Amino acid sequence: MNLEMQQFKAEFFKALAHPLRIRILELLAEGDKNVNEIQTLVGSEGSAVSQQLTILRAKNIVSGTKEGNKVIYTLKDPMIIELLAVARQIFNNHLVDTITILDKIKEDEEEPAIPKN
């Protein structure tokens, strides 16, 4: 079972491993949208958005429901919103660590050299 779970996680994270797919998920976290709305909000070609939505659908991360001549996309699991928030917090933590290191380097460079006798 552990191997199956690890495989699921690997495939799941591979499906998320594209900036446009992440942006699409962030938009869908705000509410359901059709391809044209997503395309307009991300400023990308419809074919690129459709291609990424196809991948997200294939991995059961989003679903599409036909309404007239449009397909409305939604997150399959609302926990995706939490996952994106956790990823943002991890990024912020890394950023804080980097800033702390840079501040320390700057302090070390600004300290006057103590002459040796």
Side-chain angles (χ1 to χ4, degrees):
M1 183 65 175
N2 272 347
L3 183 57
E4 290 172 359
M5 181 56 69
Q6 291 164 350
Q7 185 66 36
F8 169 81
K9 288 177 182 178
E11 292 297 319
F12 177 78
F13 284 113
K14 269 199 268 186
L16 300 181
H18 191 284
L20 183 52
R21 290 195 289 265
I22 295 296
R23 182 65 184 126
I24 289 168
L25 294 175
E26 290 171 342
L27 291 171
L28 293 177
E30 298 170 2
D32 301 349
K33 293 179 179 41
N34 66 48
V35 176
N36 291 335
E37 291 171 314
I38 295 169
Q39 178 184 341
T40 300
L41 291 167
V42 300
S44 183
E45 295 179 12
S47 60
V49 169
S50 293
Q51 182 181 30
Q52 302 310 325
L53 284 166
T54 297
I55 293 167
L56 292 170
R57 282 180 80 165
K59 295 298 180 182
N60 257 348
I61 297 172
V62 302
S63 62
T65 307
K66 191 123 170 105
E67 289 186 10
N69 62 350
K70 295 181 181 179
V71 178
I72 306 299
Y73 287 91
T74 187
L75 296 176
K76 290 272 288 198
D77 189 331
M79 291 205 55
I80 295 289
I81 298 167
E82 293 178 43
L83 178 66
L84 295 172
V86 168
R88 181 179 306 246
Q89 186 59 51
I90 291 169
F91 172 81
N92 289 341
N93 292 345
H94 283 275
L95 191 58
V96 167
D97 289 345
T98 301
I99 290 169
T100 301
I101 291 168
L102 290 173
D103 285 346
K104 177 68 173 136
I105 290 169
K106 186 177 178 184
E107 287 174 15
D108 290 347
E109 290 174 350
E110 291 175 354
E111 287 181 10
I114 301 172
K116 294 182 181 179
N117 293 344

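All values below come from the heavy atoms of this structure, side chains included, with hydrogens, waters and symmetry mates left out. This structure is a prediction, so every number in the text was calculated from the model and none was measured.
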(Q) What's the separation between atom NZ in K104 and atom CG in L102, rounded to the nearest 0.5 Å? (A) 13.0 Å
Q: Show your reasoning for whether side chain to side chain contact (heavy atoms under 4.5 Å, CB included) applies to N60 and F12.
A: CA-CA 9 Å; N60 257 348; F12 177 78; over 6 Å; no
Q.
To check you understand the geometry: which heavy-atom pair defines the closest contact between E37 and D32, and what is its length?
A. OE1-O, 4.3 Å
Q.
Using the rule that Ile, Leu, Val, Met, Phe, Trp and Tyr join whenever any side-chain heavy atoms are under 4.5 Å apart, tell me whether M5 and I61 fall into a single cluster.
A. yes
Q.
If I take atom CE from residue M79 and atom CG from residue L84, how far apart are they, to the nearest 0.5 angstrom?
A. 11.5 Å
Q | Gap separating the NZ atom of K76 from the CG atom of L56, nearest 0.5 angstrom | A | 12.0 Å
Q | Nearest atoms (heavy-atom pairs only) where K33 meets L41 | A | CE-CD1, 3.6 Å
Q) Is E109 paired with K106 through a side-chain N to carboxylate O contact shorter than 4.0 Å? A) no
(Q) How long is the straight-line distance from CZ of F13 back to NZ of K59, given to the nearest 0.5 Å? (A) 13.5 Å
Q) Taking C-beta and beyond as the side chain, do Y73 and V35 meet within less than 4.5 Å on heavy atoms? A) yes
Q | Polar side-chain atom of R21 near backbone of A15 as donor-acceptor pair, under 3.5 Å | A | yes
(Q) Is any side-chain heavy atom of Q52 closer than 4.5 Å to one of I55? (A) yes
**Q.** Main-chain N/O of G64 paired to K66 side chain as donor or acceptor, under 3.5 Å
**A.** no
Q: List in chain and number order the residues that pass side chain to side chain contact (heavy atoms under 4.5 Å, CB included) with L3, two or more places apart in sequence or in another chain; answer none if no residue qualifies.
A: Q6
(Q) Side chains of L83 and D77, heavy atoms from C-beta outward: is any pair under 4.5 Å? (A) no
Q: Give, for atom CG of L95 and atom CZ of R88, the distance between the pair rounded to the nearest 0.5 Å.
A: 12.5 Å
Q. Can you find a heavy atom in the side chain of I72 that is under 4.5 Å from one in the side chain of E67?
A. yes
Q: Measure the shortest side-chain to side-chain distance between V42 and L27 over non-hydrogen atoms and say whether it is less than 4.5 angstrom.
A: yes
Q: State which residues pass side chain to side chain contact (heavy atoms under 4.5 Å, CB included) with L75; sequence neighbours excluded, sorted by chain then number.
A: L25, L28, A29, V62, I80, I81
(Q) Are I24 and H18 packed together at the side-chain level, in the sense that at least one heavy-atom pair is separated by less than 4.5 angstrom? (A) no
Q | Electrostatic pair E26:R23 at N-O distance under 4.0 angstrom | A | yes
